[in-house]
There are 2 protein chains.
Amino acid sequence: MRADARRNRERILAAARTLFASERPEVQIDDVAREAGVGVGTVYRHFPDKQALMGELVKERFKIFNERMRRALDEGEEEPFEALASSIRDNAASVAEDAATRFALMSGGEAVFEHAGEEKDEFLRLARKLVLRARRAGELRPDFQAQDVPMVMCGVCATIDRRGAPWDWRRHLELVLSGMKDGASRR
Amino acid sequence: MRADARRNRERILAAARTLFASERPEVQIDDVAREAGVGVGTVYRHFPDKQALMGELVKERFKIFNERMRRALDEGEEEPFEALASSIRDNAASVAEDAATRFALMSGGEAVFEHAGEEKDEFLRLARKLVLRARRAGELRPDFQAQDVPMVMCGVCATIDRRGAPWDWRRHLELVLSGMKDGASRR
DNA sequence: ACCTGAACACCGTTCAAGT
DNA sequence: ACCTGAACACCGTTCAAGT
């Protein structure tokens, strides 16, 4: 890829991040192009449609999720449940700080997730390992599945900054984590 | 309101319910009008904009929520936590069966909820009573707030039929309910 | 009092012309 | 190879004309 093209691509992503995070009404591609200092056509050259642009944000976010979960696998040998719980806490916190990606995650359609397909698969593989390890240690509710990790994360994300409702997503997450613990090992 | 106007209003709502529930791409007001057998202008005469149309579905759903919670207040004297939990279970199940309202709840903006403002306030009042009673009985986690009722319902709703993900929202809800129980009284 | 649908406005996407 | 932005298409909303 030519150097100027690469630079434009980065500028478009940066503009999308800024605008998706700040604007109230639906952000337009024309706005993204203007903010990035390129023509609309250039946005479409790099991202076939709006969903693909949002998809790229989601893809990058999943990469960050996956890094955090790999670290949990490496470092959490002694406390398998806590390793899983902490990685979910940190991932939720990173989404909470990134309104642009949250917008993409929540309002994007199926295409957005397909764009991040590979990273999503890797996410599930890592979740499976963390879940199995915690289950073997007897710290996790036995019917908890690997797919339940993205499920509960989606549930918590849906309650971050929801239309001005005064919701406390951290308490929400702690409720869920406490529900995930095996009955015998609950505090 | 004239009889034909009332009939048109009902037809429009019925059409919206059918289309929001079945269509894949964003449903158009023109489609709703055609399905209802009226002109577009008639849709706009009854509902000032698309959000108001979705808002009406949400409003009616909140009325159903509130009926269920009033019943829980009347009948659940002996088992206050179970009364709260059952009403949440039933409300989630009723949303799960109603794809049109789920669409309105999830993809509608703030205006949709303002349209159901009064019912939403009543919902919070009922939630407060159910929560206080369960807390007094020592069955509920002491830091659980009345606002957490819509919060956890929103979280669970967000994971019903999400882009073909094979998620089990009933297990999700049971996780949350189990996290809501007071530590001392958990099974 | 209410209904109709052509017309308008807005925004996602394309493509002919340019470098 | 890549960029530009005018033009097109689609869909939410309005409003003049009708009953």
Side-chain angles (χ1 to χ4, degrees), chain A residues 1-58 100 103-104 106-112 114-115, chain B residues 1-58 100 103-104 106-112 114-115:
Chain A
M1 193 186 275
R2 239 163 59 177
D4 58 339
R6 178 171 303 277
R7 199 170 55 238
N8 279 338
R9 193 189 139 91
E10 287 312 312
R11 276 186 187 161
I12 291 164
L13 280 171
R17 262 188 268 269
T18 305
L19 295 181
F20 284 153
S22 68
E23 298 290 311
R24 283 301 84 197
E26 194 78 358
V27 175
Q28 300 160 219
I29 296 293
D30 279 5
D31 296 333
V32 173
R34 193 176 327 109
E35 172 81 18
V38 301
V40 240
T42 305
V43 176
Y44 281 94
R45 157 165 280 264
H46 287 282
F47 303 97
D49 57 25
K50 207 180 182 182
Q51 300 259 16
L53 180 54
M54 300 200 293
E56 184 62 23
L57 297 186
V58 169
F103 172 77
M106 289 298 136
S107 75
E110 200 159 352
V112 165
E114 272 164 31
H115 189 88
Chain B
M1 192 186 276
R2 239 163 59 179
D4 57 341
R6 177 170 305 278
R7 198 172 53 240
N8 279 338
R9 194 189 139 90
E10 288 311 313
R11 277 188 189 162
I12 290 163
L13 280 171
R17 263 188 266 271
T18 305
L19 294 181
F20 285 152
S22 68
E23 298 291 310
R24 284 302 84 199
E26 194 77 0
V27 175
Q28 300 160 217
I29 297 293
D30 279 4
D31 296 332
V32 174
R34 193 176 326 110
E35 173 81 18
V38 301
V40 241
T42 304
V43 176
Y44 281 94
R45 157 166 279 265
H46 288 281
F47 303 97
D49 57 23
K50 206 179 181 181
Q51 300 259 14
L53 180 54
M54 299 200 295
E56 184 62 22
L57 298 186
V58 169
F103 173 77
M106 290 296 135
S107 75
E110 200 158 352
V112 165
E114 272 164 29
H115 189 88

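Below, chains carry the letters A, B, ... as their sequence lines are ordered, and counting in each starts from 1.
- Taking atom CZ of residue Phe47(B) and atom P of nucleotide dG12(D), one finds them 16 Å apart after rounding to whole Å.
- Of the listed nucleotides (dT13(C), dG12(D), dC2(C)), dG12(D) has the atom at the smallest distance from the side chain of Ile29(B).
- Counting heavy atoms from C-beta on, the side chains of Asp4(B) and Arg7(B) come closer than 4.5 Å.
- Atoms CZ (Arg6(B)) and C1' (dA1(C)) sit 14 Å apart, rounded to a whole Å.
- For Asp49(B), counting side-chain heavy atoms from C-beta on, the closest listed nucleotide (dT13(D), dT13(C), dA1(C)) is dT13(D).
- Contact annotation: Asn8(B) side-chain N/O to dC2(C) OP1/OP2 distance is not under 4.0 Å.
- Under 4.0 angstrom from either OP1 or OP2 of dC3(C) there lies at least one side-chain N or O belonging to His46(B).
- Atom P of nucleotide dC2(D) and atom CZ of Arg7(A) are separated by 13 Å, given to the nearest angstrom.
- For Arg45(B), the listed nucleotide lying nearest its side chain is dC2(C); candidates were dT4(C), dC11(C), dC2(C).
- In this structure, Gln51(B) places its CD atom 14 Å from C1' of dT13(D), rounding to the nearest Å.
- Here the side chain of Val40(A) is nearest to one of dC3(D), dG5(D), dG12(D), namely dG5(D).
- Taking the nucleotide of DNA chain C with the nearest heavy atom to each of Met1(B) and Asp30(B), the more 5' of the two is matched to Met1(B).
- Side chains of Lys50(A) and Ile29(A) form a contact here, defined as non-hydrogen atoms less than 4.5 Å apart.
- In this structure, CD of Glu26(A) is placed 22 Å from P of dA9(C), rounded to the nearest angstrom.
- Salt-bridge check for Asp31(A) with Arg34(A): passed, with a basic side-chain N closer than 4.0 Å to an acidic carboxylate O.
- For dG5(D), the paired base is dC15(C) (Watson-Crick or G-U wobble, both distances below 3.5 Å).
- dT4(C) atom C1' lies 13 Å from atom CG of Asp4(B), rounded to whole Å.
- Nearest-nucleotide assignment on DNA chain D puts the 5′-proximal partner with Lys50(B), out of Gly41(B) and Lys50(B).
- Between Phe47(B) and Met54(B) there is no side-chain heavy-atom pair separated by less than 4.5 Å.
- Between Asp31(A) atom CG and dC10(C) atom P the separation is 13 Å, expressed in whole Å.
- Distance from the side chain of Thr42(B) is smallest for dC3(C) among the nucleotides dC3(C), dA1(D), dG12(C).
- Taking every side-chain heavy atom of Val38(A) into account, dT4(D) is the closest of dC2(D), dT4(D), dC11(D).
- Residue Val112(B) is tested with Gln51(B), Met106(B), Glu56(B) for a side-chain contact (heavy atoms from CB on, under 4.5 Å); the sole match is Gln51(B).
- For the pair Tyr44(A) and dT13(C), the criterion of a side-chain N or O lying under 4.0 Å from OP1 or OP2 is met.
- Rounded to a whole Å, the CZ atom of Arg34(A) is 15 Å from the C1' atom of dG12(C).
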